[in-house]
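To start, the structure itself, in structure tokens.
Convention: sequence-line order gives letters A, B, ...; per-chain numbering from 1. These numbers come from a predicted model, not from an experiment. Values below: every heavy atom of this structure, side chains too, minus hydrogens, waters and symmetry copies.
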There are 4 protein chains.
Amino acid sequence: MIHTVNPTTKKRALAVLGPRDEAKAVFRRAILRAAADVFVEQGFHAARIQDIAERARIGVGTVYNHFEQKEDVLQALLEEHTAALAERFTAHAAGLDFATDLERRLSRMLAYKDEHRAFFVLVMEYGLMGPSTGAAAMVLKGRKVRTDGLKKVGVALFADAQKRGELRADFDAEHLLRILGGIIRAFAADTIAEGATFASRTAEIVDVFLGGAQARKKKKT
Amino acid sequence: MIHTVNPTTKKRALAVLGPRDEAKAVFRRAILRAAADVFVEQGFHAARIQDIAERARIGVGTVYNHFEQKEDVLQALLEEHTAALAERFTAHAAGLDFATDLERRLSRMLAYKDEHRAFFVLVMEYGLMGPSTGAAAMVLKGRKVRTDGLKKVGVALFADAQKRGELRADFDAEHLLRILGGIIRAFAADTIAEGATFASRTAEIVDVFLGGAQARKKKKT
Amino acid sequence: MIHTVNPTTKKRALAVLGPRDEAKAVFRRAILRAAADVFVEQGFHAARIQDIAERARIGVGTVYNHFEQKEDVLQALLEEHTAALAERFTAHAAGLDFATDLERRLSRMLAYKDEHRAFFVLVMEYGLMGPSTGAAAMVLKGRKVRTDGLKKVGVALFADAQKRGELRADFDAEHLLRILGGIIRAFAADTIAEGATFASRTAEIVDVFLGGAQARKKKKT
Amino acid sequence: MIHTVNPTTKKRALAVLGPRDEAKAVFRRAILRAAADVFVEQGFHAARIQDIAERARIGVGTVYNHFEQKEDVLQALLEEHTAALAERFTAHAAGLDFATDLERRLSRMLAYKDEHRAFFVLVMEYGLMGPSTGAAAMVLKGRKVRTDGLKKVGVALFADAQKRGELRADFDAEHLLRILGGIIRAFAADTIAEGATFASRTAEIVDVFLGGAQARKKKKT
DNA sequence: TATGAATGAGTTTTCATTCAT
DNA sequence: AATGAATGAAAACTCATTCAT
């Protein structure tokens, strides 16, 4: 769990892969990993480039060899992870009912979040689908963080479920997606506090999302 | 909607109430109002004390006569509004079923948020019940923002509903409260985007919270 | 030893003396006393007008009713005390030999310093006979602190002693005066550290001073 | 006498010595030299970091790369020069009588002061052997300026002279050291005013000092 | 005349960014 | 390409001074 580029790693990377480009990628990844941690611990503004560099065990200048500005680091972070999430969310098996399908997709996605806690916290702040607060928007200075992938897949999935009568149709798909997001967020506090894995709570999340908080009187006989 | 202390206002205030203390309160309020706007527009870190002062049409030094540090302004903002919210949420009429009761309380609360949009956005960032992100916690530097009031009332209300079998009992009350919060948050985007009032959506919020997103096949008998 | 203007003091002062002017003088004196303490404890620059006002138990504005600028407070402080010192140093009885004469004058002067420790420390910094360091001069912004009185008397006394062959004549009187000053300063550390009175060390000071400065004509015989 | 780091100097320094560390030392020295001048001209408090940076022809930030706070600059200044002085004062030849010995040591020390006028003035304010005034102590915020070296050597020298009957024994060595300091200080005004060298007055200083402090055994013959 | 809150110029300090090595 | 010291613009915060009461 040491987010570092040490000489050994570096040399190996140089040897194994296409010499130049791969070495570059190693540094880039190290920076992003370190940045995620530091942004989470201190917040974007309070995080100093130097902190990131130190955490990655590289020099400040190196960060600037890979990213033009501090903001670009955050943007890259959000985009790359969101892309990964979208991928997890997209893959599916055919012939499942909506609830099961959603649960599988979510489960993969949340597992990814479990592996990347720092990133997940960032997402809660900067939004999976575009900055949620004015402040977040300000930080990104109008950059368009390309997170369309996830949103597109999600909206399509939900719209389809609505057509099939598995999701209420009185809200639009995007809104429902946001509601799911809000519920996931609510589970985050629990999960983080307990040190539990996120993925393990997928069923509960889907249950609340689909069925609500009301006591289930009608469970049948 | 001009958050300002102008000479006229000042004199009037001085004349009407006890001269000194009241004048003081006028400035304090002007600062908090201006700060809410500026924090929302720029985010806490990007907001400069001077921006707040300019918006309130007062001098920078004056801000420091009322608050020791920038953080204290945010803290005061959160505390005072949260207290107001708690008050709205607390008042209730007896003999209502849970759904109606919750709807009334929420409705009052959301009306308050409609009147104080800026504050509401802040709450989404810094949390009604303690900072939700590490960054937010960092900003507040370990200050304990006293927002217990609202949480206490909410937890009591929900726990009671659980006992009476109106809310599912497999989650604890605090968690359910957070889920409601997440859903409200999800409605915020819609609402803000459309310029609609928040309060007008109370019924929908309660409906989703209690009944979930699933299509209502069982509507009839 | 409470450097304060309390209501009682104030009223009494008003009654006893010419109403207006005397009341004014009471405040002025309170300010100077408080200022001496504060300047000593914190140094001129670090001392805030508010500190002085608080120590004198008056409002900040009041200080400005009596002195135009912070620097004027220091100047007045130095001038008034120096005048008092000059007075003590000037008075003399006829027919004494130089050593005895000097000892009497010094003794009176040092007794005054014992009563006004704070002032004395200031003098060590700002000089009895004009600012000794560039920094001190800077603080006083080119003001001429009128401390001529003491210097004039001292030079005259020493020049006379030189003529009468009681002080070495190879240095000019003013230089000798400065040497005496340096020696007094050296005794200050001892005295202050021990909490002893300054006056009690007059004999030693004169002894050290004259032992070197005295003309050595009488060695023989 | 231009206390500056200009590009040329910088490159040369980098070429000649170990690149990094030496460049660092060059800047550090430039800062200290500039600071000495500025502190003397304006006094510590009135001196702005920017003044120091400008005098050294470097950026403000650079000062902070070398010293955490303004106070640290002063402390370093005092410590480094005091160490140099102690060195000059310490070296001695055997077999000299006390007066000659003292004269030689002082002469070397005062020559150093002649080369570093600015520093000397600072010493008059902040004391060679610990801050002499409360204000000075305040400036240094309780930092212990390590000036023991000089004091230790001086006290040892004087104590020894007392044992050998060359200095009066009714005062302790440290006090005698302070008296010498006071006398030197008195000569400073003369010297500085006239633009003369300090070293040239060593004999006079020792003469005045010993004339008083010397045990009076040899009066007869 | 005393008072103390308002004011804003001025200062320290931080930190993103550059650039010589 | 990596590095880290230099840089200076920018921001928090202080405090002498003013002025309405």
Side-chain angles (χ1 to χ4, degrees), chain A residues 5 7 10 14 20 23-24 27 45-54 58-71 73, chain B residues 5 7 10-11 14-15 19-21 23-24 26-28 45-51 53 57-71, chain C residues 5 10 14 20 23-24 27 45-54 57-71 73, chain D residues 5 7 10-11 14-15 19-21 23-24 26-28 45-51 53 57-71:
Chain A
V5 174
K10 193 176 154 187
L14 282 166
R20 278 292 140 82
K24 223 174 145 174
F27 276 85
H45 265 105
R48 299 177 308 140
I49 290 287
Q50 199 178 121
D51 297 329
I52 296 172
E54 260 160 34
I58 59 175
V60 222
T62 308
V63 177
Y64 281 89
N65 288 336
H66 292 268
F67 299 92
E68 295 222 337
Q69 291 180 78
K70 199 178 153 187
E71 283 79 7
V73 180
Chain B
V5 173
K10 194 176 156 189
K11 270 174 204 160
L14 284 167
R20 274 289 144 80
D21 293 341
K24 228 173 142 171
V26 169
F27 277 89
R28 182 188 165 89
H45 266 107
R48 299 174 309 137
I49 289 288
Q50 199 176 124
D51 296 329
R57 300 213 199 153
I58 60 175
V60 218
T62 307
V63 177
Y64 283 93
N65 285 341
H66 291 268
F67 301 93
E68 295 218 340
Q69 293 180 73
K70 205 174 139 184
E71 284 80 5
Chain C
V5 174
K10 193 175 156 187
L14 283 166
R20 278 292 140 79
K24 222 174 147 175
F27 276 86
H45 266 105
R48 300 177 307 141
I49 289 288
Q50 198 176 124
D51 296 329
I52 296 173
E54 260 160 33
R57 302 213 196 154
I58 59 175
V60 222
T62 308
V63 176
Y64 281 89
N65 289 336
H66 291 269
F67 299 93
E68 295 222 336
Q69 291 181 76
K70 200 178 153 186
E71 283 80 6
V73 179
Chain D
V5 173
K10 193 177 157 187
K11 271 174 202 160
L14 284 167
R20 277 286 146 80
D21 294 341
K24 226 173 145 173
V26 169
F27 277 88
R28 184 190 163 87
H45 266 106
R48 298 173 310 136
I49 291 287
Q50 197 175 126
D51 296 329
R57 300 211 200 154
I58 60 175
V60 220
T62 307
V63 177
Y64 282 91
N65 285 341
H66 291 268
F67 300 92
E68 296 218 339
Q69 292 180 74
K70 206 173 138 186
E71 283 80 5

Tell me which nucleotide among [options] gets nearest to the side chain of [X].
X: D/Phe27; options: F/dA2, F/dT7, E/dT3; value: F/dT7
X: A/Ile49; options: F/dT7, E/dA16, E/dT3; value: E/dA16
X: D/Val60; options: F/dC15, F/dG8, F/dA2; value: F/dG8
X: A/Tyr64; options: F/dA2, E/dA2, E/dA16; value: E/dA16

* Tell me the stems DNA chain F sits in, counting at least three consecutive Watson-Crick or G-U wobble pairs, each under 3.5 Å on both distances. =>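 Stems for DNA chain F, defined as runs of 3 or more consecutive pairs: E:2-21 with F:2-21.
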* Excluding sequence neighbours, so at least two apart, what forms ring pair (Phe, Tyr, Trp, His ring centres under 6.0 Å) with D/His66? ->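 Scan of D/His66 (ring pair (Phe, Tyr, Trp, His ring centres under 6.0 Å), adjacent residues dropped) gives none.
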* Asked: For D/Ala47, which contact category applies under a 4.0 Å heavy-atom criterion: base, sugar-phosphate, or nothing?
  ->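 If one applies the 4.0 Å heavy-atom cut-off, D/Ala47 turns out to touch the sugar-phosphate alone, with no base involved.
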* Describe the nucleic acid contact of B/Gln50 in one word from base, sugar-phosphate, nothing, applying a heavy-atom distance below 4.0 Å. => nothing
Nearest-Å distance for atom pair [atom1]/[atom2], residues [X] and [N]:
X: B/Arg57; N: E/dA5; atom1: CZ; atom2: P; value: 24 Å
X: D/Phe67; N: E/dT14; atom1: CZ; atom2: P; value: 15 Å
X: A/Lys70; N: E/dT14; atom1: NZ; atom2: P; value: 15 Å
X: C/Glu54; N: E/dT3; atom1: CD; atom2: P; value: 12 Å
X: D/Asn65; N: E/dT18; atom1: CG; atom2: P; value: 17 Å
X: D/Arg48; N: E/dA9; atom1: CZ; atom2: C1'; value: 12 Å
X: D/Ile58; N: F/dG8; atom1: CD1; atom2: C1'; value: 12 Å
X: B/His45; N: E/dA16; atom1: NE2; atom2: P; value: 11 Å

* Roughly how far, to the nearest 0.5 Å, is the OG1 atom of B/Thr62 from the CG atom of B/Asn65? ->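 So the gap between those two atoms works out to 5.5 Å.
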* Do any side-chain nitrogens or oxygens of A/His66 fall under 4.0 Å of OP1 or OP2 in F/dA1? ->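 The answer is no; no side-chain N or O of A/His66 sits under 4.0 Å from OP1 or OP2.
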* **OP1 or OP2 of F/dA5 under 4.0 Å from side-chain N/O of D/Thr62** => no
* Structure fact -> Contacts of C/Glu54 meeting salt bridge (charged side-chain N to carboxylate O under 4.0 Å, His left out) (sequence neighbours excluded), chain-then-number -> none
* Specify the closest pair of heavy atoms between C/Lys70 and C/Ala47, including all atoms of both residues, with the distance to one decimal. =>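 Nearest heavy atoms, C/Lys70 then C/Ala47: NZ-O, 2.7 Å.
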* Can you name the closest pair of heavy atoms from D/Ala53 and D/Val63 and give their distance? -> CB-CG2, 4.1 Å
* Could you pick out which residue, D/Val63 or C/Glu71, lies toward the 5' side of DNA chain F when each is mapped onto its nearest nucleotide? =>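 Whichever sits nearer the 5' end wins; that is D/Val63.
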